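Here is the structure we will look at.
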Amino acid sequence: MAEQISVSHISNYAGREATIKGWVYNRTDKGKLVFLLVRDGSGFLQCVAFKGDLPPDVFEKVMRLPQESSVIITGPVREDKRAPGIPGGYELGVREIEILQEAGLDYPMSLKDHGPDFALDHRHLWIRKKSQWAILKVRVKVMSAVREYLDGQGFFNLDTPILTPAAAEGTTTLFETPYFDEGFAYLAQTGQLYNEANIFSFGKVYCFGPTFRAEKSKTRRHLTEFWMLEPDPAFCDLEGLMEVEEGLITHIVQSVLRDCEAELKHLGREVSKLKAVTAPFPRMTYDEAAKYLIELGKGETDPERKELLKFEWGMDFGAPHEVELTKLNDKPLFIYGYPSAVKAFYMEPWPGRPEVCKSVDLLAPEGYGEICGGSERVSDHEALLNRIRKEGLPEESFKWYLDLRKYGSVPHSGFGMGVERVVTWLCGIEHIREAIPFPRTIKRVYP
RNA sequence: UCCUGGCUAGCUCAAUCGGCAGAGCGCGCGGCUGUUAACCGCUAGGUUCGAGGUUCAAGUCCUCGGCCAGGAGCCA
């Protein structure tokens, strides 16, 4: 009996019999010869049926097998440069085929491109498509690389609650849900405050889960539900934080390059640009970036562009500003020392410059922009209390958070990384909605 | 919330100045022993987003409405 194998391991079986279980992705019939491109989740494999090798009724069925039919195929594995697929270069002769189900002929997803509305309405089927499968494979690798790296660096993965009592940062819109006799609970937009509590029990911690933002953002960089990684190490200043970030990002990129070569190739990703992503990453202060942008704006002649690039010290970067800054380097770029006024209340002020805080954003190159945002946290109890009062935040809600500064406070830092933004960048794709299996956007909760 | 663009066959799109509603893909039928989103031939497939208006004539122009997109703001 032939061994059942994964398509991804096909190269180990050349010259032997093997069985694969999967779905017909495409069929090309040539009269007395039929090619079935079969996917099994691990890859795509060409299976070849010759008329002379099969009983007439079986061959007739294979020749008419609809796209997406589920099959179990057994036959000889052959090395053949002509064979397409992922990894490709190998094919399976059809000696025996069991058809579990002939798919309906009205399968709506074409192998050609669809418009976004149609594709998203059929996301449950769209994910079967090779391009989407490749992107989501990269996502899987990013997720596992994250855990692999942080676990290896002595971080502990402590989960933080998704149902939370109130706004962590006050400003951003939250999803609200009724909560028994307590009134309302809110879907977490960050696990950071809880991470900070976990720090004092575990030292270096991270949370990794879905995050919710009810902002009415309608761009190719936004989802209302996205996955965020938030590492928070104790005894770590801003410089130490940047080192954690560049170590993590480098490990993610190298892991994807190593294990997702075929997927990136299929997506047409220029791999050489990712190979350049190694620590250390360039660093730039907000002051330097502001100066650069102001100069750039002065030199701009197109009035529309000039308006978009308009900038003065104290502003937060808009998308067009970010894009310009990402063009400066081939590697991700750290920008640190933002004005306190545009950042959150818990960020440590810069020594001797209270108008600036110890915050850092990491911008992915090639125009992709912000993938991480973080800071050193205020560790002094009085200073934090003052910040909370100044922001007009409800002191009572932050009692437990303030406690953390009373019992063994230490310098600590943390950042958040948007998983889908990283995947979008690594895959070189246009839109973040393809970087998550079932995207949630302002206009879409189906399917 | 604002700005811009779009809506025509199952899908992706064309239709000149307002003048007969088209193609490719997919489905169906036929052909082909090396296809790579195969190719070749044939068939079927239309409430042009909705309502109203202008006109001899509207997919095309005007008004209102709906839906989608991506950009601004905000952010990861």
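Naming: A, B, ... by sequence-line order, numbering from 1 per chain. Since the structure is predicted, the reported quantities are computational estimates derived from the model, not experimental observations.
Rounded to whole Å, atom P of B/rG26 lies 10 Å from atom CD of A/Gln67. Spacing between atom CG of A/Asp29 and atom P of B/rG28 amounts to 11 Å, rounded to whole angstrom units. Across the protein-nucleic acid pair, A/Met63 atom CE and B/rC32 atom C1' stand 10 Å apart, rounded to whole Å. At whole-Å resolution of the value, CZ in A/Arg213 and P in B/rC74 are 14 Å apart. In this structure, the CD atom of A/Glu91 is 8 Å from the C1' atom of B/rG34, given to the nearest Å. Rounded to whole angstrom, the span from the CD1 atom of A/Ile86 across to the P atom of B/rA37 amounts to 11 Å. Atom-to-atom, CG of A/Leu229 to P of B/rA76 comes out at 14 Å; the value is rounded to the nearest Å. Look at CZ on A/Arg444: it is 15 Å from C1' on B/rG70, rounded to the nearest Å.
Out of B/rA72, B/rA69, B/rU33, the shortest distance to the side chain of A/Leu308 is found at B/rA72. Out of B/rG28, B/rU33, B/rA76, the shortest distance to the side chain of A/Lys32 is found at B/rU33. Counting only heavy atoms from C-beta on, A/His222 has its side chain closest to B/rC75 among B/rC75, B/rU35, B/rG70. Residue A/Pro84 places its side chain closer to B/rU35 than to any other of B/rC68, B/rU35, B/rG70. Looking at the side chain of A/Thr219, the nearest of the listed nucleotides B/rA76, B/rG70, B/rU12 is B/rG70.
Cation-pi check for A/Lys343 over A/Tyr338 is met; the charged atom lies under 6.0 angstrom from the ring centroid and within 45 degrees of its normal.
Between A/Tyr336 and A/Tyr286, the distance from one ring center to the other does not fall under 6.0 angstrom. Annotation: A/Tyr13 is not in aromatic contact with A/Tyr90 [ring centroid separation under 6.0 Å not met]. Ring centers of A/Phe345 and A/Phe398: under 6.0 Å apart, within the cut-off. Taking the six-membered ring for Trp and the full ring otherwise, the centers of A/Phe311 and A/Phe317 sit less than 6.0 Å from each other.
The base of B/rG70 lies outside donor-acceptor range of the side chain of A/Glu430, with no N or O pair under 3.5 Å. In the interface, the side chain of A/Asp113 is not paired with the base of B/rC11 through any donor and acceptor atom under 3.5 Å apart. Scanning atom types as modelled, no donor and acceptor separated by under 3.5 angstrom connect the side chain of A/His114 and the base of B/rC11. In this model, no side-chain donor or acceptor of A/Lys130 finds a partner on the base of B/rA37 within 3.5 Å. For B/rC75, its base sits under 3.5 Å from the side chain of A/Arg421 at one donor and acceptor pair at least. A donor and an acceptor atom never sit less than 3.5 Å apart when one is taken from the side chain of A/Ser217 and the other from the base of B/rC75.
Ring-base stacking between A/Phe35 and B/rG34 is not satisfied when judged by a centre separation under 5.5 Å and a plane angle under 30°.
Applying the 4.0 Å criterion to OP1 and OP2 of B/rG34, one finds that A/Arg78 has every side-chain N and O outside that range. Neither OP1 nor OP2 of B/rC11 sits under 4.0 Å from any side-chain N or O of A/Lys112. Under 4.0 angstrom from either OP1 or OP2 of B/rC68 there lies at least one side-chain N or O belonging to A/Lys443. The side chain of A/Arg27 contributes no N or O atom lying less than 4.0 Å from OP1 or OP2 of B/rA37. Between A/Arg220 and B/rG71 there is a side-chain N or O to OP1 or OP2 distance below 4.0 Å. A sub-4.0 Å separation between OP1 or OP2 of B/rC27 and a side-chain N or O of A/Arg64 is absent.
Residue A/Met228 is classed as a sugar-phosphate contact, given heavy-atom separations below 4.0 Å to backbone atoms only. At the heavy-atom level, A/Asp80 lies under 4.0 Å from base atoms of the strands shown.
Rounded to whole Å, the C1' atom of B/rA14 lies 13 Å from the corresponding atom of B/rU48. With both ends at atom P, the span from B/rC61 to B/rG5 equals 13 Å, rounded to whole Å. Nucleotides B/rU33 and B/rG46 place their P atoms 36 Å apart, quoted to the nearest Å. Comparing the P positions of B/rG50 and B/rC67 gives a spacing of 15 Å, expressed to the nearest Å. Taking atom P in both B/rG24 and B/rU43, the straight-line distance is 11 Å, to the nearest Å. Straight-line distance between the P atoms of B/rG26 and B/rC68: roughly 30 Å, to the nearest whole Å. Using atom P as the reference point in both B/rC75 and B/rC3, the two lie 23 Å apart (nearest Å). When the C1' atom is compared between B/rG59 and B/rC20, the two are found 14 Å apart, to the nearest whole Å.
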Next item on the list: Apply side-chain contact (heavy atoms from CB on, under 4.5 Å) to the pair A/Leu267 and A/Ile135, showing each step before the final yes or no.
Entry: CA-CA 8 Å; A/Leu267 292 167; A/Ile135 294 165; 3.7 Å; yes

Next item on the list: For side-chain hydrogen bond (donor to acceptor under 3.5 Å, both in side chains), just list the numbers for A/Arg123 and A/Gln132, CA-CA rounded to whole Å, side-chain angles, deciding distance to a tenth of an Å, and then say yes or no.
Entry: CA-CA 10 Å; A/Arg123 183 60 174 170; A/Gln132 300 305 306; 2.8 Å; yes

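B/rG34 is unpaired under the Watson-Crick or G-U wobble criterion, no partner having all donor-acceptor distances under 3.5 Å. Across all strands shown, B/rU43 forms no Watson-Crick or G-U wobble pair with both key distances under 3.5 Å. Base pairing of B/rC2: its partner is B/rG71, meeting the Watson-Crick or G-U wobble criterion (both donor-acceptor distances under 3.5 Å). Of all nucleotides present, only B/rC11 satisfies the Watson-Crick or G-U wobble test against B/rG24, with each distance under 3.5 Å.
Counting non-hydrogen atoms of neighbouring residues, nucleotides and ligands closer than 6.0 angstrom, the NZ atom of A/Lys306 exceeds 12 such neighbours.
Remark: of the listed residues A/Leu187, A/Thr190, A/Thr164, A/Leu187 is the sole one forming a side-chain contact (heavy atoms from CB on, under 4.5 Å) with A/Phe212.
In terms of position along RNA chain B, the nucleotide closest to A/Gln46 lies nearer the 5' end than the nucleotide closest to the other residue of the pair A/Gln46 and A/Ile432. Mapped onto RNA chain B by nearest heavy atom, A/Ile442 and A/Glu322 fall at different nucleotides, with A/Ile442 at the one closer to the 5' end.
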